[in-house]
Q: 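Below is a structure I'd like to ask you about.
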Number of protein chains: 2
Amino acid sequence: MSEKPPCDGASAAAVRAPRRVRADSQRNLKTLLETALAVFSTSGVEAPVREIAEKAGVGIGTLYRHFPQRSDLIVAVVRKEVDACAETAAELAAAHAPFEALKCWMQRYVDLVLTKRGLAAALYSGNPAYESLPAYFEGRLLPALQGLLDAACAAGEIRRDVEPYDLLKAVAQLSSSAHDGDPAHTRRMVALLIDGLRYGAAGEQ
Amino acid sequence: MSEKPPCDGASAAAVRAPRRVRADSQRNLKTLLETALAVFSTSGVEAPVREIAEKAGVGIGTLYRHFPQRSDLIVAVVRKEVDACAETAAELAAAHAPFEALKCWMQRYVDLVLTKRGLAAALYSGNPAYESLPAYFEGRLLPALQGLLDAACAAGEIRRDVEPYDLLKAVAQLSSSAHDGDPAHTRRMVALLIDGLRYGAAGEQ
DNA sequence: TTGATAAACGGAACGATGTTCCGTATAAAG
DNA sequence: CTTTATACGGAACATCGTTCCGTTTATCAA
């Protein structure tokens with residue numbers, strides 16, 4: 001058996017010392033994600049991978065090292081966006097009154113849906129690579145919205161008979177039908193929908 | 001000016017004698033449509049055009065002469081399929097009792113939706129080439145279903161309070177959710193839905 | 001029947017795209 | 001500083017959709 005210097009106090013068997021991840025690798029990964037988000041928002045998800053690699057100042061080989069398939073990059077970007085949107089909920093809840101936070105977050109969610117132009121095509125493409133995305137959407141976004149709704153309910157600012165899932169879906173539908181209209185209209189309609197939550201609240205006037 | 005032999009008794013100006021469409025051209029067009037339908041049903045709409053041309057025993061140039069864009073071929077096949085489905089309605093109405101005809105046609109419609117796997121992606125792709133398809137669906141299928149429903153209503157076999165549009169959409173949804181399930185389940189559920197039409201009919205037992 | 005001719009055919013070639021491969025560069029560890 | 005695992009870069013490949021143009025052929029008039 002080959003002798004290796006002890007990793008630490010643990011038994012020397014099995015696992016070999018895992019070298020730390022190279023700094024440039026981490027940097028490139030971060031840059032690629034940011035660039036891909038920017039490009040996807042501008043040109044849609046069907047943008048060529050080469051364009052993303054170039055704008056990130058990185059070779060195609062590097063891109064493919066981090067994301068073996070084009071779909072992996074798309075999935076990573078979407079998940080990161082969803083994460084960011086979900087995390088916004090807590091921030092808004094801490095900074096505003098419950099209903100105000102809810103209202104702001106909904107507009108944030110509209111942004112999320114709006115910038116994902118062309119993603120629906122990928123989702124419905126039958127490509128197994130995207131199958132996990134809808135579940136991820138729900139898993140992250142539902143709890144976030146649930147928290148906001150609970151807080152607003154507890155404060156007596158909104159009614160209690162609305163399901164987070166229904167709300168999420170309704171807003172998504174309002175947003176997706178606006179692919180040929182102006183985003184301002186979508187925002188107004190969503191605001192109207194959310195205002196509807198105040199009707200019949202516990203602390204009604 | 002060049003001299004041309006007179007076309008016919010009409011004034012010699014403007015229109016020249018339009019030569020008849022070549023027989024091989026018509027034949028190739030027909031073959032291409034049939035082959036494309038077969039290939040799309042097997043491999044999905046994302047099948048390469050070259051494969052279709054080869055299986056049709058035709059050069060790519062010929063395919064592109066008839067369908068300048070890949071999307072043109074897809075649209076043509078879909079429209080032809082929709083036409084065929086719509087025309088089935090009249091045949092079934094002539095051959096069966098009203099409700100039986102309705103029931104059969106619905107299963108025919110399920111087939112139509114089922115074989116169009118992956119077409120949803122094209123529809124939602126934002127490609128303007130497919131924008132006209134949903135309207136064509138409604139324009140052809142709604143009247144067909146309307147006729148079957150009217151006949152069944154007149155015979156007192158079903159209730160009158162169901163809109164053709166709602167029915168079409170419901171069945172499509174039942175079918176599309178089956179992309180990961182078995183078609184048999186879809187068929188049973190659709191049959192159940194249609195049987196629901198008999199509840200509360202004029203001539204109820 | 002036989003040219004003349006417009007129309008259709010066939011497929012090589014082009015450009016774009018996703019993906020692979022491998023020689024080179026370099027950050028981390030001793 | 002030397003070593004070495006790791007990551008990088010980009011040429012090269014395969015596969016698309018699409019274009020182009022020389023060749024073939026169905027139609028029509030004589």
Side-chain angles (χ1 to χ4, degrees), chain A residues 2-8 15-32 35-36 39-40 43-76 118 121-122 125 127 129-130, chain B residues 2-8 12 15-32 35-36 39-40 43-75 118 121-122 125 127 129-130:
Chain A
S2 61
E3 290 300 311
K4 288 285 180 186
C7 307
D8 51 340
V15 225
R16 75 185 61 242
R19 213 184 239 203
R20 190 168 44 185
V21 216
R22 275 170 59 161
D24 54 349
S25 183
Q26 302 183 51
R27 200 173 344 119
N28 283 333
L29 180 64
K30 187 158 168 278
T31 308
L32 275 172
T35 309
V39 172
F40 286 159
S43 317
V45 283
E46 58 277 353
V49 283
R50 254 179 265 266
E51 182 184 339
I52 296 169
E54 282 173 19
K55 289 193 176 166
V58 152
I60 325 163
T62 301
L63 188 153
Y64 268 86
R65 165 166 296 271
H66 289 288
F67 305 99
Q69 306 235 35
R70 172 193 161 72
S71 56
D72 294 326
L73 178 56
I74 295 178
V75 168
S125 67
N127 185 337
Y130 302 111
Chain B
S2 62
E3 290 301 308
K4 288 286 178 185
C7 307
D8 51 338
V15 225
R16 74 186 61 241
R19 216 182 235 200
R20 191 169 42 188
V21 214
R22 276 171 57 162
D24 55 349
S25 183
Q26 301 182 50
R27 199 172 346 117
N28 283 333
L29 180 65
K30 186 158 169 280
T31 309
L32 275 172
T35 309
V39 173
F40 286 157
S43 317
V45 282
E46 58 277 353
V49 283
R50 255 179 265 266
E51 182 184 340
I52 297 168
E54 279 172 23
K55 290 194 175 165
V58 151
I60 325 162
T62 300
L63 188 153
Y64 268 87
R65 165 166 299 271
H66 288 290
F67 306 99
Q69 305 236 38
R70 174 193 159 71
S71 56
D72 293 327
L73 177 58
I74 296 178
V75 168
S125 67
N127 186 336
Y130 302 111

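Each chain gets a letter, A, B and so on, in the order its sequence line appears, and its residues count up from 1.
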Q: Return each pair, listed once, that meets side-chain hydrogen bond (donor to acceptor under 3.5 Å, both in side chains) where at least one residue sits in residues 44-68 of chain A; pairs must be two or more places apart or across chains.
A: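 Non-adjacent pairs meeting side-chain hydrogen bond (donor to acceptor under 3.5 Å, both in side chains): E51(A)-K55(A).
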Q: Please check the phosphate of dA8(C) (OP1 and OP2 only) for any side-chain N or O of N28(B) closer than 4.0 Å.
A: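 False: N28(B) side-chain N/O out of range (4.0 Å or more) of dA8(C) OP1/OP2.
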Q: Rounded to whole angstrom units, what separation is found between the CZ atom of R20(B) and the C1' atom of dA26(D)?
A: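 Atom-to-atom, R20(B) to dA26(D), this comes out as 10 Å.
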Q: In whole angstroms, how far is the P atom of dA27(C) from the CD atom of Q26(A)?
A: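 In whole Å, dA27(C) P and Q26(A) CD are 13 Å from each other.
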Q: Taking five pairs at each end, how big is the angle between the two axes of the helix from dT1(C)-dA30(D) to dG30(C)-dC1(D), to 10°?
A: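 One end axis against the other gives 0°.
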Q: Would you name the heavy atoms of V49(A) and L63(A) that are closest together and state the gap between them?
A: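 Here V49(A) and L63(A) meet closest at O-CD1, 3.7 Å.
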Q: Where do S71(B) and A129(B) come nearest, in terms of heavy atoms and distance?
A: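 Minimum heavy-atom separation between S71(B) and A129(B): OG-CB, 3.5 Å.
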Q: What's the CG-C1' distance between L73(A) and dT17(C), to the nearest Å?
A: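 Taking CG of L73(A) and C1' of dT17(C), I get 15 Å after rounding.
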Q: Among all residues two or more places apart in sequence or in another chain, which pass the side chain to side chain contact (heavy atoms under 4.5 Å, CB included) test with A122(B)?
A: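 Checked A122(B) against side chain to side chain contact (heavy atoms under 4.5 Å, CB included); matches are Y130(B).
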Q: Select one nucleotide: of dC9(C), dT19(C), dA28(C), the one nearest the side-chain heavy atoms of S25(B).
A: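 Minimum distance to the S25(B) side chain belongs to dC9(C).
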Q: Could a donor-acceptor pair under 3.5 angstrom be found where the side chain of R22(A) meets the base of dA28(C)?
A: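 Answer is no: no donor-acceptor pair is held.
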Q: In whole Å, I'd like the distance from the CG atom of D72(A) to the C1' atom of dG18(C).
A: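 It works out to 13 Å between those atoms.
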Q: Check the distance between dA7(C)'s P and R27(B)'s CZ and give it to me in whole angstrom.
A: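 Whole-Å distance recorded here is 19 Å.
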Q: Roughly, in whole Å, what's the span from CD1 in I60(A) to C1' in dA7(D)?
A: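 In whole Å, dA7(D) C1' and I60(A) CD1 are 16 Å from each other.
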Q: When the distance from CG of D24(B) to C1' of dG10(C) is rounded to whole Å, what number comes out?
A: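 The answer, rounded to whole Å, is 12 Å.
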Q: Can you measure E54(A) atom CD to dG18(C) atom C1' for me and round it to whole angstrom units?
A: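 Rounding to the nearest Å, CD of E54(A) and C1' of dG18(C) are 14 Å apart.
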Q: dT5(C), dG9(D), dC8(D): which one has an atom nearest the side-chain heavy atoms of R19(B)?
A: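 Taking heavy atoms from C-beta onward, the closest nucleotide is dT5(C).
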Q: Apply side chain to side chain contact (heavy atoms under 4.5 Å, CB included) to residues I52(A) and F40(A) and explain how you reach the verdict.
A: CA-CA 9 Å; I52(A) 296 169; F40(A) 286 159; 3.7 Å; yes
Q: At under 4.0 Å, does any side-chain N or O of R50(B) touch on OP1 or OP2 of dG17(D)?
A: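 No, outside the criterion.
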Q: Under 3.5 Å, which donor-acceptor pairs do the side chains of residues 23-32 of chain A form with other protein atoms, sequence neighbours left out?
A:
residue	atom	partner	partner atom	Å
D24(A)	OD1	R22(A)	NE	3.3
D24(A)	OD2	R22(A)	NH2	3.0
Q26(A)	NE2	V21(A)	O	3.4
N28(A)	ND2	D24(A)	O	3.3
T31(A)	OG1	R27(A)	O	2.9

Q: Does anything in residues 62-70 of chain B come within less than 4.0 Å of DNA chain C? Heavy atoms only, and list the residues if so.
A: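 Those residues are T62(B), R65(B), H66(B).
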